[in-house]
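Contents: one structure, followed by commentary.
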Amino acid sequence: MRKALHSVITGTGSCIPARIVSNDAFFDSAFFDGNGQRLDKPGAEIVERFAQITDIRERRYAEDHQVASDLALLAAQDLFASCPTTDPEQLDYILVAHNFGDITADNRRSDFVPSLAARVKHKLGIQNPHCVAYDLPFGCPGWLQGVIQADYYLRSGDAKRVLVIGAETLSRVCDPHDRDSMIYSDGAGAVLFEARETADAAAGLPEGILAHSSRSDTAQAALLLRMATSRNPAYTGTELFLQMEGRKLYEYALKTVPQAIKDCLEKAGLQVADMSRLIIHQANGKMDEAILKRLYALAGDTPAPADIMPMTISWLGNSSVATIPTLLDLLIKGQLEGYAITPGEVLVFASVGAGMNCNAVVYRVPA
């Protein structure tokens with residue numbers, strides 16, 4: 001049987017901050033619309049409507065002394081603790097996906113130098129100069145894009161082990177006067193990929209990453225997520241906050257993501273019916289449900305199985321690049337009730353976010 005190099009997951013870790021912020025923390029917030037007009041509905045009503053639309057009831061924030069690279073480090077340490085035979089010195093690459101760098105609680109400006117990946121490598125104590133560390137800003141799909149880059153390195157034979165981390169502290173860049181700020185949270189996830197010889201497509205069922213795809217729709221959609229001043233016209237601070245065109249973003253995701261997933265499965269020689277789990281970016285619960293429904297409609301299949309799309313957004317919120325690797329870590333370690341990953345399953349990863357960018361990866365769990 002002919003063999004080929006494929007990228008397989010050999011370790012996972014995550015950092016879920018201990019600080020829980022529930023929806024009732026926003027009852028007394030003063031929210032404004034995009035025209036600078038204060039919303040006149042009671043805070044509790046605004047928050048409850050938000051929960052109905054997004055499924056979010058609580059989220060996690062980093063402690064004041066922590067920054068994104070600290071969360072990334074903790075996720076990496078969690079990975080190595082669960083894989084005690086893995087030597088960090090043998091890593092060929094460390095890729096850290098994020099969008100805002102390190103932002104402290106008392107000085108909310110992005111700090112990118114040195115790169116977060118360099119900081120993580122330094123704090124891990126790795127001496128190997130041939131372990132290359134760099135960052136990847138690609139919106140919320142950044143971690144998955146890092147996985148795609150890792151796959152190129154591994155399948156080419158250029159690398160044997162690549163650590164891909166997603167870390168973000170969105171609580172430091174959200175406008176307290178924008179109701180969308182309730183979506184955002186903090187966290188980090190880390191996944192180790194290694195090159196393994198497995199059966200190629202011509203000789204048998206391949207394992208690991210089978211296919212991937214990416215797209216960037218900047219012509220009309222580049223500014224659907226952007227940085228801007230506070231929605232509150234009386235706010236005197238000079239910070240720039242993350243803002244989004246929620247309805248247009250929803251429409252973009254619903255139009256783009258299901259087709260991207262279907263195309264990626266077909267690229268792997270598979271159909272939607274072959275998918276065991278959809279591990280999707282936790283952006284908005286109702287939006288993800290609509291994406292899943294549209295995907296099965298495109299395939300002309302029966303409605304999606306009830307347990308095919310595990311979700312964490314109700315209690316972890318949207319931590320951008322950290323949502324997928326955190327969810328994967330929980331699944332692999334059996335920490336999501338009712339879910340387990342078994343050999344031979346076909347996992348599909350998908351994400352969408354600022355750029356606007358969208359990507360997908362098809363992965364068969366090794367035996």
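In this structure, the side chain of Thr256 does not engage the main chain of Ala253 through any donor-acceptor pair within 3.5 Å. Distance alone, capped at 3.5 Å, is enough to place a donor-acceptor pair between the Asp186 side chain and the Ala62 backbone. With hydrogens and angles ignored, the 3.5 Å screen pairs no side-chain donor or acceptor of Ser14 with any backbone N or O of Gly189. In this structure, His98 contributes its side chain and Glu168 its backbone to no donor-acceptor pair below 3.5 Å. At distances below 3.5 Å, at least one donor-acceptor pair connects side-chain atoms of Gln282 with backbone N or O atoms of Ile280.
The aromatic ring centroids of Tyr235 and Phe241 lie less than 6.0 Å from each other.
With rounding to the nearest 0.5 Å, the separation of CD1 in Ile313 from CE in Met287 is 8.0 Å.
For the pair Lys293 and Glu289, the salt-bridge criterion is not met [side-chain N within less than 4.0 Å of a carboxylate O]. With salt bridges taken as basic N to acidic carboxylate O contacts below 4.0 Å, none links Lys255 and Asp217.
In the hydrophobic clustering of ILVMFWY residues, with side-chain heavy atoms under 4.5 Å counting as a link, Leu136 and Ile94 come out apart. Cluster annotation: Leu316 and Met311 are assigned to distinct hydrophobic clusters (Ile/Leu/Val/Met/Phe/Trp/Tyr, side-chain heavy-atom contacts under 4.5 Å, transitive).
Ring-plane geometry between Tyr134 and Tyr93 is classed as perpendicular, the angle between the planes exceeding 60 degrees on a 0 to 90 degree scale with a lower cut at 30.
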